[in-house]
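Let me begin by presenting the structure, written as structure tokens, before commenting on it.
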Amino acid sequence: MIHGNSSSARVWRPLMESSFGGRFRCLALDLPGHGRSVPGRTPDVYSLPGYASLLAGFVRELDADDAVIVGWSLGGHIALEAAERLPEAAGFVLFGTPPVGGPADVGEAFLPNPAMGVGFTAEVDAEAAQSYAASFLAPGSTLPTEDLVADILATDGAARTGILAGIEAGTFAGEIRVVAELTRPVAVLHGEGEQLISLDYVEGLTMPTLWRGAVQILPRVGHAPHLEAPKAFAEMLTRFIADLG
């Protein structure tokens, strides 16, 4: 399970501490510069290729080559970047992740939410962190954001600017091609109250192995359904795993 930008592995706790976590072996990591991980030792770590290399190593080290790879937001982009390095992965689950082919697709893939810029800013204060955290949730959500804000403030600012630099330079895999050529099932989930990602864009992509032939809409949640409705999210993951056989 791969967390998003300015987040940490603790976002997976509701899932891992539930009956889902008791049934399945669940693995999560703090990306470099996030959570309890140390900052990246070299600038290239803070990029999609850098994070994808780390993910592939994490999977090998923990003997999880045939795992289902679950990526949230930035984590989904990392999963797509690493897909060719994970040939035995059973399947992929992406949410909050619009596959893009290059920098030109970003404007169409993401909604014009001013909070988005916080995710690419080196210095973030408490007010900006709160704005960014609120954008992860459905409008009007009452879910506490203290942990989200703490993770945002704890993230190495160089990670955020490094990710932006890589996006602007186009130094990442063409994700539209990746999902079009995937031979393994991919589940794409989307919160009904999503504030950052364009559903029209995601539904317009060619994804031959898309689970159940459609993007799965999760009601009454936004960008972070694993936090907003962990039980419903776990049920969706369980159904996907069951369909993998």
Side-chain angles (χ1 to χ4, degrees), residues 1-17 26-48 50-52 54-55 58 70-79 81 94-98 106 110-168 172 191 193-197 221-230 233:
M1 299 175 182
I2 319 157
H3 65 75
N5 184 357
S6 300
S7 184
S8 77
R10 69 172 163 181
V11 296
W12 304 110
R13 283 181 184 170
L15 193 65
M16 298 175 78
E17 295 175 355
C26 298
L27 303 172
L29 75 163
D30 285 337
L31 296 169
H34 295 73
R36 291 180 292 175
S37 285
V38 299
R41 293 183 175 86
T42 58
D44 61 303
V45 171
Y46 293 148
S47 66
L48 289 176
Y51 283 141
L54 183 141
L55 172 63
F58 178 80
V70 181
W72 171 45
S73 198
L74 171 66
H77 294 289
I78 293 168
E81 184 75 27
L94 310 175
F95 62 108
T97 303
V106 171
F110 293 89
L111 299 174
N113 189 318
M116 179 74 75
V118 177
F120 304 111
T121 303
E123 299 295 330
V124 175
D125 61 21
E127 182 179 358
Q130 177 58 47
S131 172
Y132 194 36
S135 75
F136 295 167
L137 311 178
S141 172
T142 59
L143 186 76
T145 58
E146 288 86 352
D147 286 350
L148 291 170
V149 169
D151 279 343
I152 293 165
L153 293 173
T155 299
D156 183 4
R160 288 189 284 262
T161 57
I163 293 165
L164 176 62
I167 292 172
E168 291 178 338
F172 58 92
E194 172 70 68
Q195 298 192 66
L196 301 176
I197 309 303
V221 297
H223 192 64
H226 54 319
L227 294 174
E228 297 170 271
F233 184 82

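Sequential numbering from 1 along the given sequence is applied to the chain's residues.
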Where does the angle between the aromatic ring planes of His226 and Phe233 fall among parallel (under 30°), tilted (30 to 60°) and perpendicular (over 60°)?
tilted
Check the angle between the aromatic planes of His34 and His3 and answer parallel, tilted or perpendicular using the 30° and 60° thresholds.
tilted
To the nearest 0.5 Å, how far apart are [atom1] in [X] and [atom2] in [Y]?
X      : Y      : atom1 : atom2 : result
Arg160 : Thr155 : CZ    : OG1   : 5.5 Å
Leu27  : Leu29  : CG    : CG    : 9.5 Å
Ile152 : Thr121 : CD1   : OG1   : 11.5 Å
Glu81  : Leu55  : CD    : CG    : 10.5 Å
Leu74  : Ser6   : CG    : OG    : 8.5 Å
Leu148 : Leu153 : CG    : CG    : 11.0 Å

Would the distance check show the side chain of [X] and the main-chain N or O of [Y] forming a donor-acceptor pair, the cut-off being under 3.5 Å?
X      : Y      : value
Asp30  : Arg36  : yes
Asn5   : Gly119 : yes
Tyr46  : Gly40  : yes
Ser131 : Glu127 : no
Gln195 : Asn113 : no

Is any side-chain heavy atom of [X] closer than 4.5 Å to a side-chain heavy atom of [Y]?
X      : Y      : value
Phe95  : Val70  : yes
Phe120 : Thr161 : no
Met1   : Cys26  : yes
Ser47  : Phe172 : no
Tyr51  : Ile163 : yes
Leu48  : Ile78  : yes
Val124 : Tyr132 : no
Leu31  : Ser37  : no

Over all atoms of both residues, closest heavy-atom pair of [X] and [Y]:
X      : Y      : value
Ala28  : Trp12  : CB-CD1, 3.7 Å
Thr145 : Gln130 : OG1-OE1, 3.1 Å
Leu196 : Phe136 : CD1-CD2, 4.2 Å
Ala79  : Leu94  : CB-CD2, 4.3 Å
Val11  : Ser7   : CG1-OG, 3.1 Å
Pro225 : Gly222 : CD-O, 3.6 Å

Evaluation steps, side-chain hydrogen bond (donor to acceptor under 3.5 Å, both in side chains), between Ser135 and His223
CA-CA 8 Å; Ser135 75; His223 192 64; over 6 Å; no
